[in-house]
Amino acid sequence: TRDFLIAPSILSADFARLGAEVDDVLASGADIVHFDVMDNHYVPNLTIGPMVCEALRKHGVSAPIDAHLMVKPVDRLIGDFIDAGASYITFHPEASDHIDRSLQLIRDAGCQAGLVFNPATPLSFLDYVMDKVDMILLMSVNPGFGGQSFLPGTLDKLREARRRIDASGRSIRLEIDGGVKVDNIAEIARAGADTFVAGSAVFKARNEADPHRYDSVIRDF
Ligand code: DX5
Ligand code: ZN
């Protein structure tokens, strides 16, 4: 059986109180902190860097932090996020000149390594590195923003990724990212995902009665 994990994306959190927001979603049942890094070069948006990851660790966040690097070039930032306490580091193969080497950089530091596939990026980038990935992240939106709609074509790609993972015999985490909601998560799970990023579905569902709790939406997942 697969362990389904919920990874709220902090892109949709209130950045003026990020530590408390992360505490709240974790206290509400979330499993992993999805940390979206954007450099306004690889994607047309700019977010946060390693020092914020470090600040969350200093704040006391012990849950896994899943650093999704939407940056180019990627290698230098891999080192910075290793030092900042990231647990998973995933990057887009188009953003590295040496994919195998970038994956090895992450794993040599004891972090979990993953590749991220944009909607148009073929899974063939996995052909020679299946033994070097701990996670495969499929984008079900084009990267850069939260609150977009799930691209239905991703379901077939998920099934193909699941087939590749099962054929590899390795326990590789299959994460889906973009437009995941309470009303589509079951179908996405059936297609083979075991880890679900959710940004706006979690943070925009703030419980007005008790703004510190997200358990209603996380429990509904
Ligand atoms: C987009 C990010 C996603 C995004 C998901 O580039 O990688 O993680 O924050 O947000 P929702 O769940 O709102 O689509
Ligand atoms: Zn992401």
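Values below: every heavy atom of this structure, side chains too, minus hydrogens, waters and symmetry copies. For ligands, and for the atoms within them, numbers begin at 1 and follow the listed sequence.
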Exercise. Any heavy atom of Ala201 sitting closer than 4.0 Å to ligand 1?
Worked result: no

For this session: Anything under 30° is parallel, anything over 60° is perpendicular, the rest tilted; go ahead and classify His68 against His92.
Result: parallel

Seminar exercise, completed: for atom 1 (C) of ligand 1, nearest protein heavy atom and its distance come out as Phe145 O, 3.5 Å

Problem set entry | Residues Asp134 and Arg173 bridged, charged N to O under 4.0 Å | no

For this session: Run the numbers for me: atoms of ligand 1, each under 4.0 Å from some heavy atom of Gly179, listed by number.
Result: 11 (P), 12 (O), 14 (O)

Exercise. Lys204 near ligand 1, heavy-atom distance under 4.0 Å?
Worked result: no

For this session: Using distance alone, decide if ligand 1 has a nitrogen or oxygen within less than 3.5 Å of any nitrogen or oxygen in Gly147.
Result: yes

Problem set entry | Apex the Zn ion (ligand 2) - arms NE2 from His34 and OD1 from Asp36 - angle rounded to 10° | 90°

Problem set entry | Protein contact to atom 5 (C) of ligand 1 [nearest heavy atom, distance to 0.1 Å] | Asp177 OD1, 3.5 Å

Exercise. Which residue holds the protein heavy atom closest to atom 10 (O) of ligand 1, what is that atom called, and what is the gap in Å?
Worked result: Gly146 CA, 3.6 Å

Seminar exercise, completed: In this structure, atom 13 (O) of ligand 1 is nearest to the protein heavy atom Ser200 OG, 2.5 Å

Exercise. With a cut-off of 4.0 Å, which atoms of ligand 1 are near a heavy atom of His34?
Worked result: 8 (O)

Exercise. With a cut-off of 4.0 Å, which atoms of ligand 1 are near a heavy atom of Met70?
Worked result: 6 (O), 7 (O)

For this session: Report, in ascending order of atom number, the atoms of ligand 1 lying under 4.0 Å from any heavy atom of Ala198.
Result: 12 (O)

